[in-house]
Amino acid sequence: MARQASLSGFTELLPAERVVELHVLDSLRRTFELHGFSSLETRAVETVGSLLQKGEIDKEVYAVSRLQADDDERGGRTDPQQLALHFDLTVPFARYVVENAGYLSFPFRRYQIQKCWRGERPQEGRAREFTQADIDVVGDGDLPFVYDVEMALIAAEALDALPIGDFVIRINNRKLAEGFYRGLGLTDPTAVLRAVDKLEKIGESGVVTELVETAGATEEQARAALRLAAIRTPDTGFVEQVRALGVEHPLLEQGLSELAEVIGLASRRAPGRVVADLSIARGLDYYTGTVYETVLVGHESLGSICSGGRYDALAVKGDRRFPGVGLSVGVTRLLARVLAQKLAVASRPVPTAVLVSLADEDGWAAADDVATLLRARGVPTEVAATAAKFGKQIKYADRRGIPFVWFTSVDDDGAVRHEVKDIRSGEQVAADPQIWTPPADDLLPRVVPGA
């Protein structure tokens with residue numbers, strides 16, 4: 001089959017790159033489970049009505065239909081029952097909680113690592129198919145605010161364990177922002193939040209124009225909103241800076257109090273990792289309180305690698321409400337920068353630690369017996385396919401990245417001898433297949449710091 005050109009926005013990794021990705025996923029999984037989160041997987045598709053009810057992302061959704069479906073079965077853009085691939089994991093999780101509430105214990109803690117799909121223009125950090133790693137805590141009726149603090153601390157711990165360099169978690173509170181906008185006299189805070197969320201993309205003048213045109217703001221109100229967005233502190237100093245702007249509203253005070261609690265506690269436990277950044281808004285409508293965005297220091301143009309927030313009304317069943325707070329690590333976005341900058345590399349591209357060589361074509365069964373003994377002790381092992389010259393078998397191992405080659409020979413007196421060669425150093429020693437094990441660092445591929 002002829003090699004086809006890559007589809008834009010759909011990433012396929014080489015084996016060594018996949019080793020790095022698995023290291024990232026395993027590290028995240030380990031951190032999440034240490035904090036008591038249960039693993040969960042939801043279906044790939046949701047209804048269009050479910051996906052679009054909590055955010056203006058209709059242009060990004062991939063609809064799904066059978067090729068042989070009748071026209072009336074295919075549905076359309078406006079059919080709420082049309083199936084579509086999920087664009088994040090929060091909306092499917094909220095649906096899952098509502099449907100399974102009778103079987104869950106609350107607060108319910110889950111992590112979820114899955115593919116998502118968005119039909120947006122591919123660019124660095126943005127793919128059409130990508131992997132996300134989410135954690136959420138959901139309550140039944142209410143959810144203590146302490147979980148908002150915990151999310152920031154878990155994010156700091158999870159990202160600290162990855163080979164990504166320095167990062168900063170930028171935190172805001174939508175109650176603070178909405179209360180400030182209402183205190184200014186703006187009656188459509190959601191429109192203001194959407195405009196401010198574009199600040200890094202379109203600049204201050206672009207935000208002012210959008211606020212005037214779409215949110216009904218005067219230029220003075222728009223400038224005041226930008227003054228709020230300019231506040232950024234590593235501690236709770238933002239409280240006095242906001243109050244100095246002279247705007248009052250009860251919701252503003254509630255947001256200030258909540259954000260001060262998160263920043264105060266998180267900065268004590270993870271100094272230098274969190275900042276209060278009042279420009280952070282998050283584009284999706286379902287966030288109602290704390291919001292988080294994380295950037296790599298020196299790579300801010302990549303965008304947020306870990307984001308999320310509090311949502312109080314996303315999961316509702318009759319009079320029963322399931323508020324939650326969560327974070328999503330953009331694994332594909334993060335990995336793109338790690339690989340491009342060689343922040344981390346695989347020690348080898350294959351799991352195989354040992355290649356058992358063949359002295360002659362009749363020796364495969366005996367070689368496989370050796371491999372079986374090694375595998376029984378957890379040593380990844382291959383058997384050479386043909387009895388080529390030993391030099392060629394060693395070159396094959398070298399091309400594959402296999403560090404050890406095993407040799408078996410029979411002495412004149414019929415005694416079987418085993419030797420293993422480290423092809424990196426050239427050292428060759430006698431070895432017993434019943435007990436020999438490679439050094440721990442060579443047993444499996446490792447991820448090591450790059451250039």
> Are the aromatic ring centres of F108 and F322 under 6.0 angstrom apart?
Replying inline: no
> Would you say R424 has more than 12 foreign heavy atoms packed within less than 6.0 Å of its CZ?
Replying inline: yes
> Is the NZ or CZ atom of R273 both under 6.0 Å from the centre of the six-membered ring of F167 and within 45° of that ring's axis?
Replying inline: yes
>> Do Q221 and Y181 pair up side chain to side chain, a donor and an acceptor below 3.5 Å, judged on atom types alone?
In response: no
>> Go through it in stages, so that I can follow the logic: the residues are L355 and V383, the test is side-chain contact (heavy atoms from CB on, under 4.5 Å), and I'd like the CA-CA distance, side-chain angles, deciding distance and then a yes or no.
In response: CA-CA 6 Å; L355 174 72; V383 177; over 6 Å; no
> Are more than 12 heavy atoms from other residues, nucleotides or ligands located less than 6.0 Å from atom NZ of K115?
Replying inline: yes
> What is the minimum heavy-atom distance between V379 and A353, and which atoms define it?
Replying inline: CG1-CB, 4.3 Å
> Under a 4.5 Å cut-off applied to non-hydrogen side-chain atoms, are L327 and D134 in contact?
Replying inline: no
> Got a salt bridge between R182 and E178, using NZ or NE/NH1/NH2 to carboxylate O under 4.0 Å?
Replying inline: yes
>> Using the rule side chain to side chain contact (heavy atoms under 4.5 Å, CB included), only one of N172, D148, V274, I280 pairs with Y292; which is it?
In response: D148
> Can E240 and R243 be counted as an ion pair, charged N to O under 4.0 angstrom?
Replying inline: yes
> When rounded to the nearest 0.5 angstrom, what distance separates OG in S328 from OH in Y111?
Replying inline: 15.0 Å
> Could D398 and R400 be called an ion pair, given the rule that one side-chain N must be under 4.0 Å from one carboxylate O?
Replying inline: no
>> Between T352 and E382, is the side chain to side chain donor-acceptor pair (under 3.5 Å) condition met? List the steps.
In response: CA-CA 7 Å; T352 310; E382 290 182 30; 2.7 Å; yes
>> Could you check whether R30 pairs with E33 (Lys NZ or Arg NE/NH1/NH2 to Asp/Glu carboxylate O, under 4.0 Å)?
In response: no
>> Is it true that Q112 and T42 share a donor-acceptor pair across their side chains at a distance under 3.5 Å?
In response: yes
> Of all heavy-atom pairs between A224 and F180, which one has the smallest distance, and what is that distance?
Replying inline: O-CE2, 3.6 Å
>> Does R110 qualify as a cation-pi partner of F37, given the criterion of NZ or CZ under 6.0 Å from the six-membered ring centre and within 45 degrees of its axis?
In response: no
>> Looking only at the side chains, is there a donor atom on one of Q81 and T47 sitting less than 3.5 Å from an acceptor on the other?
In response: no
> Taking C-beta and beyond as the side chain, do K175 and T290 meet within less than 4.5 Å on heavy atoms?
Replying inline: no
> Mind checking whether F10 and W117 have ring centres under 6.0 Å apart?
Replying inline: no
> Between the side chains of D136 and Y311, does any donor sit under 3.5 Å from an acceptor?
Replying inline: yes
> Are E210 and K201 within salt-bridge range, i.e. N to O under 4.0 Å?
Replying inline: no
